[in-house]
Amino acid sequence: MNVAGQLRVLTNDQMQTVHEKACELLEKKGIVFETDECVDIFKKHGCKVEGNTVFISKNLVDKSLAQVPKTFTLTAPNPARSVVVGEGLLIHPAGGEVFIQDYNGQRRMPTLKDFSDIQKVYQACKNIDIAGYAPISPHDLDPRKRNLWTMLESLKASDKPILSPMEIDTIEKKEEIFKLFEVGFGKDWVANNYFTWHVVCPNSPYLYSEFACDGIKVYAERNQPICIVSAPMSGITSPVFLVSTLILTIAEDLAGLVLAQLIKPGVPVVLSASLTYGYMRTASWECASPDTSLMLASSIQMFKHFYRIPARAQTGVTSSKAIDYQAGMEVMQSFLYSALAGVNLTSQTVGTLANLMTVSLEKTVLDDELVSRVRHMVNGLTFNEEQMGMEDLFNAAPGSDFLTNDSTLEYFREYWAPTVSDWRSTEEWEADGSRDVEAVAHEKVVKILEEAPESLLDPEQEKDMIAYINSIE
């Protein structure tokens with residue numbers, strides 16, 4: 001029995017209260033949308049407006065929620081790699097990290113080659129379902145075309161679903177992402193598939209910037225999914241209370257969801273649990289705090305069980321600057337708690353260090369195994385007549401073993417086994433050089449990069465996409 005979603009931080013009555021308080025904020029406090037165009041959309045649908053502050057009724061919230069698909073298919077360049085968002089547990093890339101950390105521990109600014117390498121690692125890792133996005137931002141590219149070059153590099157390295165970069169900061173750049181896909185895959189493919197999405201982050205408290213407004217508008221008009229990522233920090237950009245921070249993030253997420261549905265009824269919307277605990281000793285946010293995990297699980301519960309729409313979370317994270325005990329402890333704490341809460345989609349779960357400031361190829365490979373561990377546990381036990389093994393139990397003599405039983409030989413491969421961790425005896429481990437798990441992961445990274453094809457795109461397809469990028473002024 002799958003145990004995802006069985007962790008409940010909130011009671012049903014508490015979820016109802018959180019929803020009502022969030023709607024009270026939307027009706028009485030309002031949300032600022034910086035673009036007049038978005039304000040006019042709300043006004044046309046009967047919302048009260050004062051300047052750029054929009055007041056959203058509970059009825060409109062409930063109507064908009066009812067229009068959001070419970071699941072949708074995110075189409076990959078390779079159809080066999082397409083995934084259903086809203087079912088099970090999907091993992092997508094890190095996003096927004098500033099530095100890359102080499103195997104020797106050196107932290108530095110990333111290049112396009114680093115970006116390409118990490119996409120190749122995403123392609124090779126079986127537990128990473130989605131590629132692209134913005135795990136690092138190459139500093140050796142012209143910022144005007146950086147997003148197009150990284151999107152192309154993602155498509156060359158991976159045939160999994162490819163997410164749009166985070167930094168597409170103008171309407172023109174957002175439209176260019178769609179044009180690049182049209183050049184590569186055709187207008188019909190773009191028009192008839194959900195193939196990417198845009199992450200939209202309101203500025204807590206209560207503000208949707210021009211960047212966020214344009215992101216919702218462009219992607220909703222193109223009938224592409226929108227991911228709303230409210231990320232208040234308790235005590236810093238929200239009140240110090242965890243429940244109060246939860247209410248704020250729900251209100252901000254719902255405001256963006258309503259706008260998307262007013263523009264394109266039925267467009268998929270993914271709400272994200274990205275709120276964090278504010279660490280008052282340094283007045284900074286702390287992604288790996290147990291209090292952050294509590295807020296994430298509460299938000300996931302609201303999205304999944306109260307609103308019944310796809311639930312995303314920024315989880316599986318650490319503040320450690322090295323691949324060490326702290327990193328493993330914090331990543332497993334964060335990710336397992338969110339998985340048990342029933343999260344459908346996670347970001348930042350693979351490869352991140354230092355409070356989402358740094359990404360590591362070796363940690364990406366290690367986290368791929370960690371995800372497989374959690375998925376296996378969340379799937380629970382197979383409970384049926386055969387698995388009870390009563391025939392084996394009755395036929396066993398006292399003091400005997402089951403090593404050569406038919407059932408053992410047939411089924412022992414069905415159970416979980418490590419891909420990087422070492423389960424050998426101490427003597428075997430020492431004879432093999434006493435390598436630690438990071439060294440094993442590094443060897444795996446080197447092998448992945450050596451064996452990765454230069455490009456998965458058809459030569460003519462790639463040539464046309466390069467020509468398009470070069471044509472942009």
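Note that the coordinates shown come from a computational prediction; the quantities given were computed from them, not determined experimentally.
Arg312 is listed as a side-chain neighbour of Ser347, based on a closest heavy-atom distance under 4.5 Å. Contact of the Ile118 side chain with the Val359 side chain is registered, since non-hydrogen atoms from C-beta on lie closer than 4.5 Å. With contacts defined as side-chain heavy-atom distances shorter than 4.5 Å, the pair Glu176/Tyr468 qualifies. Using a 4.5 Å heavy-atom threshold, the side chains of Gln314 and Leu356 count as touching. You'll find the side chain of Pro165 reaches within 4.5 Å of the side chain of Ile177, heavy atoms only. Proximity of Val200 to Tyr208: side-chain heavy atoms (C-beta onward) are separated by under 4.5 Å at one or more points. Residues Gln6 and Leu340 are not in side-chain contact: their nearest non-hydrogen atoms beyond the backbone lie 4.5 Å or more apart. Using a 4.5 Å heavy-atom cutoff, the side chains of Ile91 and Phe335 are in contact.
For residues 88-126, the set of pairs meeting the ring-ring contact (aromatic ring centres under 6.0 Å, His included) definition, not counting sequence neighbours, comprises His92-Tyr133, Tyr103-His442.
Nearest approach of Pro143 to Lys173, heavy atoms of both residues: O-NZ, 3.8 Å. When all heavy atoms are compared, the tightest approach of Leu148 to Leu180 is O-CD2, 3.8 Å. For the pair Asp368 and Ile128, the tightest heavy-atom approach, listed with the atom from each and the gap, is OD1-N, 3.8 Å. Shortest non-hydrogen contact noted between Ala260 and Ala220 is O-CB, 4.1 Å. Taking every heavy atom of both residues into account, Lys160 and Cys125 meet most closely at NZ-O, 2.9 Å. Scanning both residues, Gly95 and Met166, for their nearest heavy atoms gives C-SD, 3.4 Å.
Classification of Arg107 and Asp102 as a salt-bridged pair fails, no side-chain N sitting under 4.0 Å from a carboxylate O. Classification of Lys120 and Glu454 as a salt-bridged pair fails, no side-chain N sitting under 4.0 Å from a carboxylate O. Look at Asp117 and Lys113 and you find a salt bridge, because one of the NZ, NE, NH1 or NH2 atoms lies within 4.0 Å of a carboxylate O, short of that distance. With salt bridges taken as basic N to acidic carboxylate O contacts below 4.0 Å, one links Glu451 and Lys447. Ionic pairing of Asp62 and Lys58 is present here: one or more N-O contacts between side-chain nitrogen and carboxylate oxygen are shorter than 4.0 angstrom.
Residue Lys145 qualifies as enclosed at atom NZ: its count of foreign heavy atoms under 6.0 Å is above 12. For Glu37, the CD atom counts as loosely surrounded, since its 6.0 Å shell holds 12 or fewer non-hydrogen atoms of other residues, nucleotides or ligands. The number of heavy-atom neighbours closer than 6.0 Å to CD of Glu210, taken from other residues, nucleotides and ligands shown, is 12 or below. Residue Arg308 places its CZ atom among 12 or fewer non-hydrogen atoms of other residues, nucleotides or ligands, all under 6.0 Å distant.
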For this session: Check step by step if side chain to side chain donor-acceptor pair (under 3.5 Å) holds for Thr196 and Ser164.
Result: CA-CA 6 Å; Thr196 191; Ser164 297; 2.9 Å; yes
Problem set entry | Verdict with supporting geometry, Gln101 and Leu353, side-chain contact (heavy atoms from CB on, under 4.5 Å) | CA-CA 9 Å; Gln101 186 160 301; Leu353 291 163; 3.7 Å; yes
Problem set entry | Thr315/Thr346 under side chain to side chain donor-acceptor pair (under 3.5 Å): CA gap, chis, key distance, verdict | CA-CA 6 Å; Thr315 187; Thr346 78; over 6 Å; no
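Just one of Glu153, Lys156, Gln461, Glu462 meets the side-chain hydrogen bond (donor to acceptor under 3.5 Å, both in side chains) condition when paired with Ser455; it is Glu462.
Within the cation-pi definition used here (under 6.0 Å to the ring centroid, within 45° of the axis), Arg222 qualifies as a partner of Phe178.
Aromatic ring centroids of Trp197 and Tyr219 lie 6.0 Å or more apart.
Classification of the Phe42-Phe33 ring pair by plane angle, with boundaries at 30° and 60°, yields tilted.
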